[in-house]
**Student:** 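Attaching a single structure in structure tokens format; questions to follow.
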Amino acid sequence: SQQGEEDPQALSIQEGENATMNCSYKTSINNLQWYRQNSGRGLVHLILIRSNEREKHSGRLRVTLDTSKKSSSLLITASRAADTASYFCAMIKAAGNKLTFGGGTRVLVKP
Amino acid sequence: GAGVSQSPSNKVTEKGKDVELRCDPISGHTALYWYRQSLGQGLEFLIYFQGNSAPDKSGLPSDRFSAERTGGSVSTLTIQRTQQEDSAVYLCASSPPGLGGYNEQFFGPGTRLTVL
């Protein structure tokens with residue numbers, strides 16, 4: 001079963017706009033990670049935020065984590081057509097070692 | 001360097017047959033994971049190997065599923081007496097030494113299994 005829930009399930013935006021997706025989870029976590037998946041195959045790690053961090057940046061990506069609300073968000077700024085993909089949040093539970101994934105957000109960036 | 005590789009990339013089999021899926025992790029990575037991605041269930045954890053420790057098999061859906069990791073490197077996931085609900089993309093991932101769950105995981109391209 002999935003511990004994480006993501007919204008929206010799908011997002012369609014114009015190139016240059018920002019894309020924001022949210023992830024909520026149920027139990028205490030050690031860290032939360034975001035992955036991207038193209039064409040339903042391998043996942044690519046984007047960013048990892050630890051439970052004692054609140055915000056992290058990597059290039060055009062910004063991730064926030066609110067452990068009191070058990071939620072995280074991923075913001076992609078100035079989106080490009082190449083950002084079209086599915087984005088998954090994944091959690092490592094406290095004292096755990098395996099990733100539990102959210103349902104994913106399908107992002108379509110129109111040129 | 002080379003990433004995680006998986007073979008075959010696609011496998012079509014008949015219901016009731018056994019299949020073996022292979023994963024070659026990144027050299028030096030001590031942790032290896034198998035996940036399954038299907039339309040109805042999303043991405044699910046199957047099994048986790050860390051060094052010489054006993055594997056965490058808590059995600060295996062039935063006793064028809066088993067996995068081994070030989071020599072701390074290559075892993076094989078075996079599904080016996082395949083069923084149509086086993087159809088999915090099977091993803092392997094590895095992560096570097098340290099507390100495996102605290103590191104990012106590097107995924108292979110997956111094996112798409114279709115059971116007819």
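Numbers restart at 1 for each chain; the letters A, B, ... are given by sequence-line order, proteins then strands.
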**Student:** Ignoring hydrogens and geometry beyond distance, is a side-chain donor-acceptor pair present between Q37(A) and Q37(B) at under 3.5 Å?
**Tutor:** yes
**Student:** When hydrophobic residues are tied together by side-chain contacts of less than 4.5 Å, even through go-betweens, does L91(B) share a cluster with F106(B)?
**Tutor:** no
**Student:** Taking side chain as C-beta onward, heavy atoms only, is L43(B) less than 4.5 Å from T100(A)?
**Tutor:** no
**Student:** Are any non-hydrogen side-chain atoms of F101(A) and F45(B) less than 4.5 angstrom apart?
**Tutor:** no
**Student:** Do H45(A) and Q105(B) come close enough that some side-chain heavy atom pair is under 4.5 Å?
**Tutor:** no
**Student:** Do the side chains of L43(A) and Y35(B) get nearer than 4.5 Å, heavy atoms only?
**Tutor:** no
**Student:** Can you establish whether the number of heavy atoms outside Q14(A) located under 6.0 Å from its atom CD is more than 12?
**Tutor:** yes
**Student:** Rounded to the nearest 0.5 Å, what's the gap from CG on L99(A) to CD on E44(B)? Could you check?
**Tutor:** 14.0 Å
**Student:** Is it the case that atom CD in E15(A) sees more than 12 heavy atoms from other parts of the structure closer than 6.0 Å?
**Tutor:** yes
**Student:** Cluster question for you: counting only ILVMFWY and a side-chain heavy-atom cut-off of under 4.5 Å, with indirect links fine, are L46(B) and Y33(B) together?
**Tutor:** no
**Student:** At a 4.5 Å cut-off on heavy atoms, which part of S9(B) comes close to chain A: side chain, backbone, both, or neither?
**Tutor:** both
**Student:** Counting only heavy atoms from other residues, nucleotides and ligands, does the tally under 6.0 Å from CZ of R80(A) exceed 12?
**Tutor:** no
**Student:** Should we count CG of N52(A) as having more than 12 external heavy atoms under 6.0 Å?
**Tutor:** yes
